[in-house]
Every structure is written in structure tokens, then in C-alpha cells.
Colleague: 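Please see the structure below; I have some questions.
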Amino acid sequence: MKSKKILISGASITGPTLAYWLNRYGFEVIVVEKSAELRLGGQNIDVKGPAKAVAQKMGIVEEIRSLNTTEAGIKFVDASDRMLAEFPKGDSMSMTQELEILRGDLVKTLYNHTKDDVSYRFGDHITSLAQTGDVVNVGFASGKKERFDLVISTEGIGSNTRKLAIDSQVKFKYLGLHTAYLTIPKTATDGQWARWHNAPSGIVFMLRPDNYGETRASVTFLADEDQYRDLNIEEQKKALIQRITGAGWQSDRIIEGIGQTKDLYFDRVSQVKASSWSAGRVAIAGDAAWCATPIAGKGTDLAMAGAYILAGELFKADHHEQAFEAYEKKMRAYVEACQKLPPGIPGLVYPTSKFGVAVLNQLVSAVGSKPVKWLIGLFTGSSKSAKDEIELPDYMKQKASD
Ligand SMILES: Cc1cc2nc3c(=O)[nH]c(=O)nc-3n(C[C@H](O)[C@H](O)[C@H](O)COP(=O)(O)OP(=O)(O)OC[C@H]3O[C@@H](n4cnc5c(N)ncnc54)[C@H](O)[C@@H]3O)c2cc1C
């Protein structure tokens, strides 16, 4: 495609990766982010498989390595913090892998590698889209109006731009869980190991060390789909505290952390299933298009691979329709493979009774047996095999040989 002016909405992982490649291919790129600044919350993510391959092509692997979270591995612990099983870094059953980085550090790295060439606008968002045959007229909350050749939403699972452009084609598959991520002060009990604790009434707590002397906490629990819809941040905090009060282990300390934290992220655990990822000149990518949920363990792979392929196809094609079609054709099977979750989620992994937790703890303690490895795979998302990988063409070479 000839040089075009493209608006990307959402500056997390998919947006800046897409901006990087579109800029490299000669497009004019503007990124709008609703938040007043980059949102740097969240836990560790591992950059592996296709995400690592894209990072390699961007020359940022060593930078990612230098930002390692220093996590030694994961331990499953009981209510008295006694270790039931441990999986050191690099173990195929461990959540901790070679390139382990805080989500926020990856967002910052991607932003730093694009901010000089791409125009970022923080604290604004799209409120209207009107497509003519040739352009998209975009209205922003700030009152600004502007024309773009293409608009791509990388706004995550709750994308509003997706709603404006293609919502009728989108369905959510709720997995029965809500999850919260937050940063809390480190205490003497927090070492270099991540700790996973199953509490009764379907709650899983996780505490993980970071490279800034703080602790990253997550709370995941069974809940009805609409139980916590449309809450503001203070209401979310209140609801979370209510849900985990009396849950034992380190819940009192996590409750204190919820009261003070500045970076709470709280949402339903739902997959996004969209029958099409574009409508006219508007497309969606990343969690906005195909959220697989953190349980799948593939969010970063999908985000970075999808951004790379979408940018490459736009570079290669003569028209955006061709590019959007090829992007879907290349990504769809991979997305579907990543969205397939093993049976046992959420029921087995989030037991609701003390008895259920005791059975689960017994199983987890018996490390080594085949069924237990399968079970740990359910906990850590590591039960997916590498067969679900995706080809990342060298678009520069392809274009040169055309
Ligand atoms: C604060 C935060 C913490 C997270 N923590 C974890 C974690 O610990 N573990 C994990 O596995 N996954 C986490 N995720 C999700 C993870 O980032 C994604 O699953 C994955 O990386 C794909 O990213 P994405 O860029 O497609 O979407 P997201 O990471 O969801 O990012 C979407 C971006 O779009 C912005 N946005 C939303 N609506 C609009 C709008 N209308 N206009 C403009 N911008 C908008 C958001 O502020 C955000 O910056 C977190 C996401 C966020 C936002």
C-alpha cells in the first residue's frame, strides 16, 4: 500500500508493536491512548515463541533480558505457607521462563522504541467513526476531529472502538472467573519465588517478586459474569476486599494492599470471539480481537505476532481489504489453537470447598506423576504445546522480490 495515515487506538503491547512496524514500513502513525499515561500495572509475562521472534526482529531481546524480574520459579503453598511443590525457572511446567519481564516494562520498552517516530496522544479517545469510501472521519473526546486512511483498535478486551465499528460480529466466552492485578509492598516473607495459594471458595492468590523491590499480587476467583460490571475503581476495591475477607493465607495483607494500590486492574476473564477483524477501513488486533485470557498463557505471543503480521500485510498489499483478509487468514488458526483451553478450567483449578482444596493440594504435592503434570499445566497455562506456533514472514524480503 502507498503511504497512509493510520490511527492506532490503545498503547499497551499490541499498539506500540504495530506502530513500530508500520512506521518502519513508511506509514504515518498516530497512537491515541485513553489513559493519561502508559498503564504499567500487571504481573510478569514471558516473551517466548512468536513474541520472542518478533522481539528479535526488533532488536530488543537483550533489553528485555536486562529487565528480568529475577523470579526463581513458582511454589505452590498451603494455608500455612508450607511448600507443596516447586517448579524452578525454565522447567517446562513453570510459569517462570527465560525472558521474564514485567508487563509494564515491556510496554515501556515498546513505547521507548517508537516514541521518536510515532505521535502518541495520551488522555484522549475515539468517540465517533464515520467511514466514507476513502477515509475514516474520527471524532475524539477532546473535541478534535481528524481524517485517517485506516483506524486500528488495540484497546484490549473492552474496546469501545470495536463496539462503534464491528460489535455485531463479536461474542464473549466468559470462563467463570474474575481476576485482579495489583502492586503491593514487599515483606520479609516474599523471596525470589512466586507463590501460588488455593484458598477455599474458589480463590487463587499469587504473589510474585519484581525487579523494583515490590510484590505483584493477583487474585483470581469464581464469580458470575455480571457480578462486578460497570464499577468504578473505588467500588472495585470494595468488592474485591469483600470477596477475599477471611480467605486466609496472606489475604489480610493483600486487602491492605488493595486499599493503597495505585495500579489495580480488575476484569472478567473472558475470551473474545470475533467472526471478522475488520469492517471497511477499521480493524481490530490484540485482545480487542481475540483475547485468549491469561489462563491460555499466550497473550503476548498473540499480541506481538498479530501486530507484526497486520503491519506486514498492510505493507505488502495494494489495498487495505487485501491486507485485512490476509491478516485474518494467517492469524485465525493460531488464535483458535491458543483459545482452546484444556478441560478442568475453572472447576478443578478453583475448588469451592475446603475438601476440594485439600484434594487439590494432595495432588499438587505428588509432583512427577503424569496426571499431576497435567494438573500443574492447568494452573500455569503450560499445558499448551509448541505445535500452536505461527509463521512470521520476512515482509521486507517479500516486498523486495515482488
Ligand atoms: C493495566 C493492565 C494490566 C494487565 N496485567 C496483566 C497481567 O498481569 N497478566 C496478563 O497476562 N495480562 C495482563 N494484562 C492484559 C495483557 O496486557 C494483554 O492480554 C495482552 O498483552 C494483549 O495486549 P493488548 O495491547 O492487545 O491489550 P491491553 O493490554 O488490554 O491494552 C489495551 C490498551 O488500550 C487502552 N484503551 C482501552 N480503551 C481505550 C480507548 N477507548 N481508547 C484508547 N485507548 C484505550 C488501555 O488503556 C490499554 O493501554 C493487563 C492489561 C492492562 C491494561
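Order of appearance sets the numbers: ligands from 1, and atoms from 1 within every ligand. Hydrogens, waters and symmetry mates are skipped; everything else that's a heavy atom, side chains included, is used.
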Colleague: Tell me whether the NZ or CZ atom of Lys5 lies within the 45° cone about the ring axis of Phe148 and under 6.0 Å from its centre.
Modeller: yes
Colleague: Please could you name the atoms of ligand 1 that Gly156 approaches to less than 4.0 Å, counting only its heavy atoms?
Modeller: 27 (O), 30 (O), 32 (C)
Colleague: So Tyr120 and Phe122, would you call those rings parallel, tilted or perpendicular, with 30° and 60° as cut-offs?
Modeller: parallel
Colleague: Please check if the distance between the ring centroids of Tyr20 and His113 is under 6.0 Å.
Modeller: no
Colleague: At a 4.0 Å threshold, what atoms of ligand 1 neighbour a non-hydrogen atom of Pro294?
Modeller: 11 (O)
Colleague: Short list, please: which atoms of ligand 1 are under 4.0 Å from a heavy atom of Gln43?
Modeller: 7 (C), 8 (O)
Colleague: Looking only at heavy atoms, is any part of Val32 under 4.0 Å from ligand 1, and if so is it the side chain, the backbone, or both, or is it neither?
Modeller: backbone
Colleague: Hey, are Glu86 and Arg195 close enough for a salt bridge, meaning a charged N less than 4.0 Å from a carboxylate O?
Modeller: no
Colleague: Hey, does Thr154 sit under 4.0 Å from ligand 1 if you only count heavy atoms?
Modeller: yes
Colleague: If you count the atoms of ligand 1 from 1 in the order shown, which ones are under 4.0 Å from a heavy atom of Ala11?
Modeller: 49 (O)
Colleague: Residue-level breakdown please: for Arg103 versus ligand 1, do any non-hydrogen atoms fall below 4.0 Å on the side chain, on the backbone, on both, or on neither?
Modeller: side chain
Colleague: To the nearest 0.5 Å, how far apart are OG1 in Thr293 and NZ in Lys173?
Modeller: 9.5 Å
